[in-house]
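Data block below; observations after.
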There are 2 protein chains.
Amino acid sequence: MAASSHRAAPEHTHPDQVSVLTALSALADPVRLTLVRELAGSTEWSRSCGSFDVPVGKAALSHHFAVLRGAGLVEQRDEGPKRVNRLRRTEFDARFPGLLDLVLHTPDPNP
Amino acid sequence: MAASSHRAAPEHTHPDQVSVLTALSALADPVRLTLVRELAGSTEWSRSCGSFDVPVGKAALSHHFAVLRGAGLVEQRDEGPKRVNRLRRTEFDARFPGLLDLVLHTPDPNP
DNA sequence: CCGAGTGTTCGATGAAAATCATACACTCGC
DNA sequence: GCGAGTGTATGATTTTCATCGAACACTCGG
């Protein structure tokens, strides 16, 4: 039979149901910004939650991924014991054109 | 002689010195989002701080304008006893192309 | 020179959000 | 079925942020 997880599938919010305020709030955090950027530079479904280089414990990390899911930014799927991620580029771009590009390609000012 | 204020001129931050995180954080607040939107629909320098329809006291309002100034979103000038505002559209657009348009023209999802 | 109008500053308060430590749930290789 | 690896849930702590009230500063018209 098909290999399937007995674990509860994570709840996802489609970008179309996300308000501007929620989208901005989700991105207005240094840790989540790092996650999104690192995710954008990786192949889809290639990164598990624990594979990101952020200075927080795994509980906080789990929380941040929940926020990103709720903002329609990230999709997750269970793969064995790991939960792998994908940036919802096309869907999010359709809802908020240019926002991801901006966040990904705008360099910080010189101090 | 030229009419001049003896009041301390407000400190302004140019959008070029603003980080993505700061810009997003400034916009990720319901009150400030309202201010920016209302400002976008008005003639430049036509709105004093107190002329906005937001449900906060004047102390909080003053704080929000300080944040908007710090994010390079708003420019202020003293005009008599009032402090009048202007949305820094061109400059902010040059630094964060599309962000203001997005914030101003993206409708909220149907509940 | 007063008084009304307008904003800012300060200190305190309260609510929201991030974080942690711990305990739990699930998957898989051995 | 154990045990390691991975992520979630819960509860407590901390930090951050928005807010308010009151006091203060400035401008202008009388």
Side-chain angles (χ1 to χ4, degrees), chain A residues 1-12 19 21-36 39 45-71 74-86, chain B residues 1-12 19 21-36 39 45-71 74-86:
Chain A
M1 63 173 175
S4 65
S5 170
H6 294 170
R7 200 172 352 174
E11 276 186 26
H12 285 101
S19 71
L21 194 59
T22 304
L24 294 176
S25 303
L27 292 169
D29 174 278
V31 174
R32 290 193 291 267
L33 210 42
T34 303
L35 295 179
V36 167
L39 209 44
W45 307 121
S46 73
R47 307 290 303 271
S48 72
C49 294
S51 74
F52 292 85
D53 188 23
V54 285
V56 294
K58 54 180 186 173
L61 193 54
S62 183
H63 161 68
H64 283 302
F65 273 108
V67 174
L68 291 177
R69 278 199 320 263
V74 162
E75 189 179 353
Q76 297 186 308
R77 174 212 296 173
D78 286 341
E79 206 161 274
K82 317 200 169 184
R83 183 159 284 190
V84 290
N85 301 276
R86 164 191 166 255
Chain B
M1 64 178 175
S4 67
S5 172
H6 294 170
R7 203 173 349 176
E11 276 187 26
H12 286 101
S19 72
L21 194 59
T22 303
L24 293 175
S25 303
L27 292 169
D29 175 277
V31 173
R32 290 193 289 266
L33 211 42
T34 302
L35 295 178
V36 168
L39 210 44
W45 306 121
S46 72
R47 308 289 304 269
S48 72
C49 293
S51 74
F52 292 85
D53 188 23
V54 285
V56 295
K58 54 180 187 174
L61 194 54
S62 182
H63 161 69
H64 284 304
F65 273 108
V67 173
L68 291 177
R69 276 198 322 260
V74 161
E75 189 178 354
Q76 298 186 310
R77 174 214 296 174
D78 285 341
E79 204 159 277
K82 317 200 168 184
R83 183 158 284 190
V84 290
N85 301 277
R86 166 193 165 253

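A, B, ... follow the sequence lines: proteins, then strands. Residue 1 opens every chain.
Contact check, A/His63 against C/dA18: a side-chain N or O comes under 4.0 Å of OP1 or OP2. At D/dT19, one or more side-chain N or O atoms of B/His64 fall inside 4.0 Å of OP1 or OP2 (strictly under the cut-off). Phosphate proximity of C/dT9 to B/Ser62: absent, as no side-chain N or O sits under 4.0 Å from OP1 or OP2. Neither OP1 nor OP2 of C/dT27 sits under 4.0 Å from any side-chain N or O of A/Arg83.
Between A/Lys58 atom NZ and D/dT10 atom C1' the separation is 14 Å, expressed in whole Å. In this structure, B/Phe52 places its CZ atom 14 Å from C1' of C/dT6, rounding to the nearest Å. Look at CG on B/Asp78: it is 11 Å from P on D/dC26, rounded to the nearest Å. In this structure, the CG atom of A/Asp29 is 12 Å from the C1' atom of D/dT16, given to the nearest Å. A straight line from CG of B/Leu68 to P of C/dG7 spans 15 Å, rounded to a whole angstrom. One interatomic measurement links the two molecules: CG of B/Leu24 to C1' of C/dA17, which rounds to 17 Å at whole-angstrom precision. Whole-Å rounding puts the B/Leu61 CG to D/dA18 P distance at 13 Å.
In the set D/dT8, C/dC28, C/dT6, D/dT8 carries the atom at the smallest distance from any side-chain atom of A/Arg69. Considering only side-chain atoms of A/Ala59, the nucleotide from D/dA9, D/dG5, C/dT9 that sits closest is D/dA9. Listed candidates were C/dT8, D/dA18, D/dT19. Nearest to the side chain of B/Val31 is D/dT19. Residue B/Arg7 places its side chain closer to C/dG7 than to any other of D/dT19, C/dC28, C/dG7. Comparing D/dT19, D/dT8, C/dT19 by their nearest atom to the side chain of B/Val56 picks out D/dT19. Side-chain proximity of B/His6 to C/dG7, D/dG5, D/dT27: nearest is D/dT27.
Distance check: B/Leu61 CG to B/Arg32 CZ gives 11.5 Å after rounding to the nearest 0.5 Å. Residue B/Leu27 holds its CG atom at 10.0 Å from CG of A/Leu21, rounded to the nearest 0.5 Å.
Here B/Arg77 pairs with B/Glu79 in a salt bridge; the nearest charged N to carboxylate O distance falls below 4.0 Å.
Looking only at side-chain heavy atoms (C-beta outward), A/Leu35 and A/Phe65 come within less than 4.5 Å of each other.
Annotation: of the two residues near DNA chain C, A/Pro55 and B/Phe65, the 5′-most nearest-nucleotide partner is B/Phe65. Nearest-nucleotide mapping onto DNA chain C: of A/Ala28 and A/Glu79, the residue sitting toward the 5' end is A/Ala28.
Among the protein residues, A/Lys82 comes within range of the sugar-phosphate backbone only, with heavy atoms under 4.0 Å from sugar or phosphate atoms but none that close to a base.
Under a 3.5 Å cut-off, the side chain of A/Thr34 and the backbone N or O of A/Pro30 do form a donor-acceptor pair.
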